[in-house]
A.B. asks: 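Once you've had a glance at the structure underneath, I'll fire off some questions.
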Number of protein chains: 2
Amino acid sequence: MPEPRDGIASLATEMARHGIDRDAPVRSVMALLGDRWTTLILLVLETGEWRHAELKRVLATLSAEQAISQRVLTLKLRALERDGFVARFVTHDVPPKVSYRLTGLGLALQGQARQTIEWIKANGAAIEAARVHFDGL
Amino acid sequence: MPEPRDGIASLATEMARHGIDRDAPVRSVMALLGDRWTTLILLVLETGEWRHAELKRVLATLSAEQAISQRVLTLKLRALERDGFVARFVTHDVPPKVSYRLTGLGLALQGQARQTIEWIKANGAAIEAARVHFDGL
DNA sequence: CAGGATCCGATTGGATACTG
DNA sequence: CAGTATCCAATCGGATCCTG
């Protein structure tokens with residue numbers, strides 16, 4: 001294992017110790033936040049408890065493109081539930097009523113996501129300027 | 001456009017005004033941070049200026065799985081460069097020497113990413129416990 | 001050495017139809 | 001209504017080969 005530069009060795013051992021990779025949740029949660037819908041779902045669930053269908057409808061109004069498919073919404077909610085970010089409530093009526101809301105952990109995660117999103121929005125002009133410059137080369 | 005719940009209307013108009021979706025950089029930058037390699041690349045570039053090959057080698061030591069392919073490394077560096085997060089330097093020798101480092105904007109982005117990653121690491125045990133609970137149902 | 005071109009497998013997300 | 005199953009297109013990432 002080469003050590004190409006000063007400082008990177010300690011960095012690597014730090015990462016190994018704290019598990020930034022090696023299937024710690026870091027990779028998968030970052031991927032979740034980076035996917036097509038999760039940040040929007042978190043944003044909506046931050047406002048309270050939502051039924052599946054209602055959530056699907058409001059997400060459609062929040063996205064410029066097409067609506068989320070029922071299948072993908074279920075997939076994303078499951079992923080968030082599995083990681084403990086979202087709690088799921090069911091009444092065993094016919095038809096069943098299912099609702100979702102953030103857990104404390106999910107609310108904290110959304111706080112993190114919101115910070116990053118706010119930063120990107122605040123620097124959006126600079127980013128888009130860089131893109132125009134790069135594309136016009 | 002229905003308004004299923006109090007507060008979501010102002011949320012939607014806020015998002016439309018500030019462009020949380022609608023191809024503002026928010027979506028694409030979040031996706032970049034969520035992909036297989038970008039956060040690791042930012043982490044390494046935070047330590048200084050790196051040649052392409054050296055960067056590829058150190059990334060291999062930082063990831064538990066396989067090494068990054070040359071093609072994908074170039075792709076990710078281009079994406080970061082296009083958004084103004086990474087600067088690229090070339091000497092027109094034979095063979096050429098190409099190096100990369102973070103811009104001020106990229107350093108700020110890495111600050112954001114680091115915060116989120118630290119949060120995930122700090123809550124990694126809770127997340128993994130939630131997974132065990134969910135999977136054992 | 002850096003990176004482009006090509007080919008490929010794996011994953012992601014959307015559309016639709018069906019079930020309790 | 002919520003969820004699952006199936007099918008499909010698009011995207012992502014890896015492997016290999018080739019060039020200045």
Side-chain angles (χ1 to χ4, degrees), chain A residues 2 4 21 23 27-28 30-41 45 49-60 62-82 86-101 134 137, chain B residues 2 4 21 23 27-41 45 49-60 63-82 86-101 134 137:
Chain A
D21 202 351
D23 208 41
R27 275 274 314 288
S28 54
M30 289 299 288
L32 203 54
L33 291 178
D35 75 15
R36 173 75 181 80
W37 290 105
T38 297
T39 54
L40 286 177
I41 293 173
L45 289 186
E49 188 164 334
W50 288 79
R51 300 282 306 279
H52 181 109
E54 245 183 345
L55 180 54
K56 185 175 187 310
R57 268 189 292 273
V58 73
L59 283 170
L62 294 185
S63 177
E65 303 152 48
Q66 64 214 333
I68 189 172
S69 66
Q70 189 186 28
R71 174 179 157 271
V72 172
L73 178 53
T74 300
L75 247 56
K76 295 309 168 185
L77 287 170
R78 284 294 168 283
L80 289 167
E81 189 192 358
R82 186 173 107 96
V86 158
R88 178 173 177 269
F89 303 94
V90 194
T91 69
H92 282 295
D93 308 340
V94 182
K97 300 193 183 308
V98 183
S99 59
Y100 298 90
R101 69 162 174 249
F134 185 93
L137 248 49
Chain B
D21 201 350
D23 208 39
R27 276 274 315 287
S28 55
V29 174
M30 288 300 288
L32 202 53
L33 291 178
D35 75 16
R36 173 76 181 81
W37 291 104
T38 298
T39 54
L40 285 178
I41 294 173
L45 289 186
E49 188 165 334
W50 287 79
R51 298 283 306 280
H52 181 108
E54 245 184 348
L55 180 53
K56 185 175 187 310
R57 267 187 292 274
V58 74
L59 283 170
S63 177
E65 305 152 49
Q66 65 213 334
I68 188 172
S69 67
Q70 188 186 30
R71 173 179 159 273
V72 172
L73 179 53
T74 300
L75 247 55
K76 296 307 170 188
L77 287 169
R78 286 292 168 284
L80 289 167
E81 188 191 358
R82 186 174 106 97
V86 158
R88 178 173 177 270
F89 303 94
V90 194
T91 68
H92 282 294
D93 307 341
V94 182
K97 300 192 183 307
V98 184
S99 58
Y100 298 88
R101 69 163 174 247
F134 184 92
L137 249 51

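Quantities reported herein were computed from a predicted structural model and do not represent experimental measurements. To find a chain, count down the sequence lines: A is the first, B the second, and so on, and within it residues start at 1.
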A.B. asks: Can you tell me the distance, in whole Å, between the CG atom of B:L73 and the P atom of D:dT16?
C.D. replies: 17 Å
A.B. asks: Can a donor-acceptor pair under 3.5 Å be found between the side-chain atoms of B:Q70 and the base atoms of C:dA2?
C.D. replies: yes
A.B. asks: Can you tabulate the close N/O pairs, meaning under 3.5 Å, that link protein atoms to atoms of nucleotides 8-11 of chain C?
C.D. replies:
none

A.B. asks: Which atom pairs link the protein and nucleotides 10-13 of chain D when you take only N or O atoms and keep those under 3.5 Å?
C.D. replies:
unit_1 : atom_1 : unit_2 : atom_2 : d
D:dG13 : OP1    : B:R36  : N      : 3.3
D:dG13 : OP2    : B:K76  : NZ     : 2.8
D:dG13 : N7     : B:R71  : NH1    : 3.3
D:dG13 : N7     : B:R71  : NH2    : 3.3

A.B. asks: Nearest heavy-atom pair of B:K56 and B:L73: which atoms, and what distance?
C.D. replies: CB-CD2, 3.7 Å
A.B. asks: So which heavy atom on B:S63 is nearest to which on B:R36, and how close?
C.D. replies: OG-NH2, 3.0 Å
A.B. asks: Nearest whole Å is fine: how far is C:dG13 P from A:I68 CD1?
C.D. replies: 9 Å
A.B. asks: Starting at CG of A:L77 and ending at P of D:dA2, how long is that distance when rounded to a whole Å?
C.D. replies: 11 Å
A.B. asks: Is a donor on one side and an acceptor on the other found under 3.5 Å between the side chain of A:T38 and the backbone of A:G34?
C.D. replies: no
A.B. asks: So, for B:M30 and A:L33, which heavy atoms are closest and what is the spacing to 0.1 Å?
C.D. replies: CE-O, 3.7 Å
A.B. asks: As an exercise, state the distance from CD1 of A:I41 to CG of A:D35, rounded to the nearest 0.5 Å.
C.D. replies: 7.5 Å
A.B. asks: Could you tell me the separation between the NE2 atom of B:H92 and the C1' atom of D:dT19, rounded to a whole number of Å?
C.D. replies: 16 Å
A.B. asks: What's the spacing between A:R57 CZ and A:H52 NE2 if we round to 0.5 Å?
C.D. replies: 10.0 Å
A.B. asks: For C:dA2, does either OP1 or OP2 sit under 4.0 Å from a side-chain N or O belonging to B:R88?
C.D. replies: no
A.B. asks: Can you tell me the distance, in whole Å, between the NE2 atom of B:H52 and the C1' atom of C:dG4?
C.D. replies: 12 Å
A.B. asks: With rounding to the nearest 0.5 angstrom, report the OG1 to CD distance, B:T74 to B:E81.
C.D. replies: 11.0 Å
A.B. asks: On a heavy-atom basis, which atom in A:Q66 and which in A:W37 lie closest, and how many Å separate them?
C.D. replies: O-CH2, 3.4 Å
A.B. asks: Which angle, to the nearest 10 degrees, lies between the helix axes at the two ends of the helix from C:dC1-D:dG20 to C:dG20-D:dC1, each defined by five pairs?
C.D. replies: 40°
A.B. asks: Give a yes or no on whether the backbone of A:E49 and the side-chain of A:S99 come within a donor-acceptor separation of less than 3.5 Å.
C.D. replies: no
A.B. asks: Whole angstrom is fine here: how far is it from OH in B:Y100 over to P in C:dC1?
C.D. replies: 14 Å
A.B. asks: Roughly, in whole Å, what's the span from CG in B:D93 to C1' in C:dA2?
C.D. replies: 13 Å
A.B. asks: Please determine, for the side chain of A:V98, which listed nucleotide (D:dA2, C:dG3, D:dC1) has the closest atom?
C.D. replies: D:dA2
A.B. asks: Could you tell me the separation between the CZ atom of A:F89 and the C1' atom of D:dA2, rounded to a whole number of Å?
C.D. replies: 16 Å
A.B. asks: B:W50 pairs by side-chain contact (heavy atoms from CB on, under 4.5 Å) with which of B:L45, B:V98, B:L77, B:L59?
C.D. replies: B:L45
A.B. asks: Distance from B:R101 atom CZ to B:L55 atom CG, nearest 0.5 Å?
C.D. replies: 14.5 Å
